[in-house]
Amino acid sequence: MLRIVVCVSGGGTNLQAIIDGIKAGTITNTEIVGVISNNPGVKSLERAAAAQIPAFVIRPRDFAEREEFHKAFLDRLAELSPDLIVLAGFLVKIPEEMVSRYPGRIINIHPSLIPSFCGTGYYGLKVHEKALERGVKVTGATVHFVNEGMDEGPIISQKAVQVLEGDTPEILQKRVMEEAEWVLLPQAIDDIANGRVCMENGRSVRKV
Ligand code: GAR
């Protein structure tokens, strides 16, 4: 059984897709052992509670120093002893130490086709605003292993989504979630849980 911890910041629709996937049996060999949010009062926490998953709020502003926040976050993770950490709309920069502690065991979902519209300042709705500003006709989502860089880790999977005439950032975000994110992330977790995907020598490898 792959023990996963899901880190969230807001709505938690990707968290919900994972919960639903486990329930429906499209994600197998997987158990969510905890949800960590950096924000109190978000819908993600309601989703965790409804699924009876232990949830924890660790909020940067409750700590005088960033280091202390990082320590509390890493300590909580260690207590949960995950095999895989899933950043599902977690909009906080993770501590550098986390990458060395969990090599090849952290994945992230990003709402664009990396390397477009990613890196510092590209998160949530902003990604779709920038894509529309640039006038791209195709966007999408990417699941990748997390390394020291921002959205720079080895890519596991990507799915393209059409941009349509009249799209607003909100409409585009919803289409990218429905057509790409909620498909890719559960699939990647199932692949990792069943040994079909792993990180080797800094690359994402698919075993057939
Ligand atoms: C999702 O679109 C996710 O891809 C994005 O935040 C949203 C969270 O939605 N993540 C990033 O932008 C990471 N750089 P959710 O809380 O409903 O899953």
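All ligand and atom numbering here is 1-based and tracks the order in the structure. Here the structure is a predicted model, which is why all the values come from computation and not from measurement.
At least one N or O atom of T13 sits closer than 3.5 Å to an N or O atom of ligand 1. Remark: ligand 1 and G12 share an N or O pair separated by less than 3.5 Å (distance only, no angle test). Residue N108 places no N or O, backbone or side chain, under 3.5 Å from any N or O of ligand 1. Annotation: Q173 places no N or O atom under 3.5 Å from an N or O atom of ligand 1; distance criterion only.
Between the side chains of N38 and S9, at least one donor N or O sits under 3.5 Å from an acceptor N or O. Between the side chains of T28 and N194, at least one donor N or O lies within less than 3.5 Å of an accepting N or O. Donor-acceptor pairing under 3.5 Å is lacking for the side chains of D191 and Q187.
For atom 14 (N) of ligand 1, the candidate residues are H110, K43, K174; the nearest heavy-atom contact is made by H110. Considering each of G11, P111, S37, the one bringing a non-hydrogen atom nearest atom 11 (C) of ligand 1 is P111.
Taking a 6.0 Å sphere around NZ of K159, one finds it holds more than 12 heavy atoms contributed by other residues, nucleotides or ligands.
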Would you sort out whether K43 and E46 count as a salt bridge (charged side-chain N to carboxylate O under 4.0 Å, His left out), showing the intermediate values? CA-CA 5 Å; K43 182 102 194 260; E46 288 171 31; 5.2 Å; no

Yes or no on side-chain contact (heavy atoms from CB on, under 4.5 Å) for D190 and T26, after CA distance, side-chain angles and deciding distance? CA-CA 7 Å; D190 186 56; T26 48; over 6 Å; no

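Those atoms of ligand 1 with a heavy atom of E181 less than 4.0 angstrom away are 1 (C), 2 (O), 3 (C), 4 (O). Each of the atoms 1 (C), 18 (O) of ligand 1 lies under 4.0 Å from some heavy atom of N14. When each atom of ligand 1 is checked for a heavy atom of G89 under 4.0 Å away, the hits are 6 (O), 8 (C), 10 (N).
Distances from ligand 1 to the non-hydrogen atoms of L91 include at least one value under 4.0 Å. At least one heavy atom of Y122 sits under 4.0 Å from some atom of ligand 1.
Between E200 and K207 there is a salt bridge, since a side-chain N of the basic residue sits under 4.0 Å from a carboxylate O of the acidic one. The pair K174-E178 meets the salt-bridge criterion, since a charged nitrogen lies less than 4.0 angstrom from a carboxylate oxygen. Taking a cutoff of 4.0 Å between a charged side-chain nitrogen and a carboxylate oxygen, D62 and R59 qualify as a salt bridge.
In terms of protein heavy atoms, atom 12 (O) of ligand 1 is closest to G124 N, 2.8 Å. Atom 9 (O) of ligand 1 has as its closest protein heavy atom M177 CE, 3.4 Å. Protein heavy atom closest to atom 10 (N) of ligand 1, with residue, atom name and distance, is I109 O, 3.7 Å.
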